Amino acid sequence: MDENLEPDLANLLNDPTFEELKLSLDRPNVFEVLGITRREIRHSNFLGWLLNPSGNHGLRALFLERFMRDVLGLCDVDGLGVFDVESMDIHSVEVRREWRHIDILVKTKRFVVVIENKIDSQDHSDQLSRYQSIAEEEFDELPVVCVYLTPDGSEPREEAGYITYSYDGIKHHLQAIVALYSTSLSDRQVVYLEDYLTVLSRYIMKDDRLNELVKSLYTKHQTALDFIIDNLPDTRQEVMNTLQEMIAESGWIQ
């Protein structure tokens, strides 16, 4: 190692900001432990759980009602508006996951909401129109409202009449719910919600304090951090070498 790098690395390790970052990352987060911080299907699972008023999250219809007020306030479907949420029959609400490839579908007695969740991908192959048609054919007596959910509320490629909605709205409502109702929830329920809020801030919205700490550290210690990055072990190559050895030992031909 270049002797000039030793002071840089020492300064990085002694920086209080680095210590704060390390301590924060050492706190366990169930979503980080499972490695699903940006997995669309896992976020859809969690959101489907939150939207279900019968779920064991303890929120009843708190999140569902807040989300639906946003959605119906944005939609232009005749006869539907924010006040339809207040008359919604909570006990009849049905939440479906991956039903006919639709990420999340919420059915009420008055209307149906289709949610297409996109985090690291975009819509393709006219899928939005297909999902809308599927829902309209299945629930032909109910109006269908379609939502395109992304981290920043971006527009879909296909012009299919979807409402755009940002994960910031989800984060805002969950923060308010935790602040107001945490005393009526179990400790475990609060931990799940707080862990999910951390994931939204840190990995989806990228507006967590840790994101700012990383930027600050890189500005002050760019040389040391670049050296660390350049010398990280190549796990993929290690796996490939192991696989090649196993193939050769088995007598197979790669």
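What you see is a predicted model; the values in this text were computed from it and never measured.
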Review point. For Glu159, does the CD atom sit with more than 12 other heavy atoms under 6.0 Å from it, leaving out its own atoms?
Key: no
**Study point:** Where Leu80 and Pro143 come nearest, the two heavy atoms and their spacing
**Key:** CD1-CG, 3.9 Å
Check your understanding: Atom NZ of Lys109 and atom OG of Ser87: how far apart are they, to the nearest 0.5 Å?
Key -> 11.5 Å
Check your understanding: Under a 4.5 Å side-chain heavy-atom rule over Ile, Leu, Val, Met, Phe, Trp and Tyr, are Tyr131 and Val113 clustered together?
Key -> no
Point to revise | Shortest non-hydrogen contact from Leu105 toward Ala135 | key: CD1-CB, 4.3 Å
Check your understanding: Counting distance only, does the side-chain N/O of Asn29 pair as donor-acceptor with the main-chain N or O of Asp195 below 3.5 Å?
Key -> yes
Exercise for review: Output yes when a side-chain donor or acceptor of Asp70 lies under 3.5 Å from a complementary backbone atom of Phe67, and no otherwise.
Suggested key: no
Review point. Any side-chain heavy atom of Ser121 sitting closer than 4.5 Å to one from Glu40?
Key: yes
Check your understanding: Any side-chain heavy atom of Val95 within less than 4.5 Å of one from Trp49?
Key -> no
Point to revise | Heavy-atom check, side chain of Ile104 versus side chain of Arg97, under 4.5 Å | key: yes
**Study point:** Whether over 12 other heavy atoms sit under 6.0 Å from Asp140 CG
**Key:** yes
Point to revise | 4.5 Å side-chain heavy-atom contact, Glu98 and Asp103 | key: yes
**Study point:** Heavy-atom side-chain contact between Leu64 and Val106 under 4.5 Å
**Key:** yes
Check your understanding: Step by step, would you call Leu174 with Leu50 a side-chain contact (heavy atoms from CB on, under 4.5 Å)?
Key -> CA-CA 10 Å; Leu174 283 181; Leu50 293 175; 3.9 Å; yes
Review point. Can you tell me if Asp123 uses its side chain to pair, donor with acceptor, with the backbone of Glu158 under 3.5 Å?
Key: yes
Check your understanding: Can you name the closest pair of heavy atoms from Arg38 and Ile204 and give their distance?
Key -> NH1-CA, 3.8 Å
Practice item. For the pair Asp84 and Met68, evaluate side-chain contact (heavy atoms from CB on, under 4.5 Å) and give the outcome as yes or no after the intermediate values. Key: CA-CA 9 Å; Asp84 286 286; Met68 289 303 178; over 6 Å; no
Check your understanding: So how far is it from Lys118 NZ to Arg157 CZ, rounded to the nearest 0.5 Å?
Key -> 9.5 Å
Check your understanding: What distance do Ile163 atom CD1 and Asp76 atom CG have between them, rounded to the nearest 0.5 Å?
Key -> 7.5 Å
Exercise for review: Would you confirm whether Ser216, through its side chain, and Glu212, through its main-chain N or O, come within 3.5 Å as a donor-acceptor pair?
Suggested key: no
Check your understanding: For the side chain of Tyr162 and the backbone of Pro156, is there at least one donor-acceptor N/O pair under 3.5 Å apart?
Key -> no
Review point. Hey, what's the ring geometry for His43 with Tyr196, parallel, tilted or perpendicular (30° and 60° as the breaks)?
Key: tilted
Review point. Does Glu155 reach the main-chain N or O of Thr164 with its side chain, forming a donor-acceptor pair under 3.5 Å?
Key: no
Review point. Would the number of heavy atoms belonging to other residues, nucleotides or ligands and lying under 6.0 Å from CZ of Arg39 be above 12?
Key: no
Point to revise | Connected via hydrophobic side-chain network under 4.5 Å: Val199 and Val178 | key: yes
**Study point:** Distance, nearest 0.5 Å, that separates CG of Asp89 from OG1 of Thr108
**Key:** 9.0 Å
Check your understanding: More than 12 non-hydrogen atoms from neighbouring residues, nucleotides or ligands closer than 6.0 Å to CZ on Phe46, yes or no?
Key -> yes
Review point. To the nearest 0.5 Å, what is the distance between CD (Glu20) and CG (Leu23)?
Key: 8.0 Å
Review point. So Phe63 and Ile177, side-chain contact (heavy atoms from CB on, under 4.5 Å) or not? Walk me through it.
Key: CA-CA 8 Å; Phe63 181 75; Ile177 288 170; 4.0 Å; yes
Review point. Taking all atoms of both residues into account, what is the closest heavy-atom pair of Cys146 and Gln132, and its distance?
Key: SG-CG, 3.7 Å
Point to revise | Within one Ile-Leu-Val-Met-Phe-Trp-Tyr cluster: Tyr148 and Leu51, side-chain cutoff 4.5 Å | key: no
Point to revise | Basic-acidic side-chain contact under 4.0 Å: Lys22, Asp26 | key: yes
Check your understanding: Looking just at side-chain N and O atoms, do Glu32 and Tyr203 make a donor-acceptor pair shorter than 3.5 Å?
Key -> yes
Check your understanding: If only atom types and distance count, is the side chain of Glu194 paired as donor or acceptor with the main-chain N or O of Val191 below 3.5 Å?
Key -> no
Point to revise | Test item: His173 side-chain N/O and Leu62 main-chain N/O as donor-acceptor pair under 3.5 Å | key: no
Review point. Are the side chains of His221 and Asp8 in touch, meaning some heavy atoms are under 4.5 Å apart?
Key: no
Point to revise | Joint cluster assignment, Leu74 & Val77, ILVMFWY side-chain distance < 4.5 Å | key: yes
Point to revise | Over all atoms of both residues, closest heavy-atom pair of Gly73 and Val82 | key: CA-CG2, 3.6 Å
Check your understanding: Side chains of His57 and Leu193: closer than 4.5 Å at any heavy-atom pair?
Key -> no
Review point. Does any N or O in the side chain of Gln189 come within less than 3.5 Å of the main-chain N or O of Ser186, such that one atom is a donor and the other an acceptor?
Key: yes
Point to revise | Test side-chain contact (heavy atoms from CB on, under 4.5 Å) applied to Ser125 and Arg130, step by step | key: CA-CA 9 Å; Ser125 307; Arg130 290 202 315 273; 4.1 Å; yes
Review point. Should we say atom CG of Asn231 is surrounded by more than 12 heavy atoms from elsewhere, each under 6.0 Å from it?
Key: yes
Review point. Atom OG1 of Thr198 and atom NZ of Lys171: how far apart are they, to the nearest 0.5 Å?
Key: 9.5 Å
Point to revise | Path from Leu25 to Leu34 over hydrophobic side-chain contacts below 4.5 Å | key: no
Exercise for review: Indicate yes or no for a side-chain donor-acceptor contact from Asp226 to the backbone of Thr223 under 3.5 Å, with no hydrogens or angles considered.
Suggested key: no
**Study point:** Test item: Tyr165 and Ile170 side chains (from C-beta on) under 4.5 Å apart, heavy atoms
**Key:** yes
Check your understanding: Considering all heavy atoms of both residues, which atom of Gly58 and which atom of Leu185 are nearest to each other, and what is their separation?
Key -> O-CD2, 3.3 Å
**Study point:** Between Asn117 and Ser44: side-chain donor-acceptor atoms closer than 3.5 Å
**Key:** yes
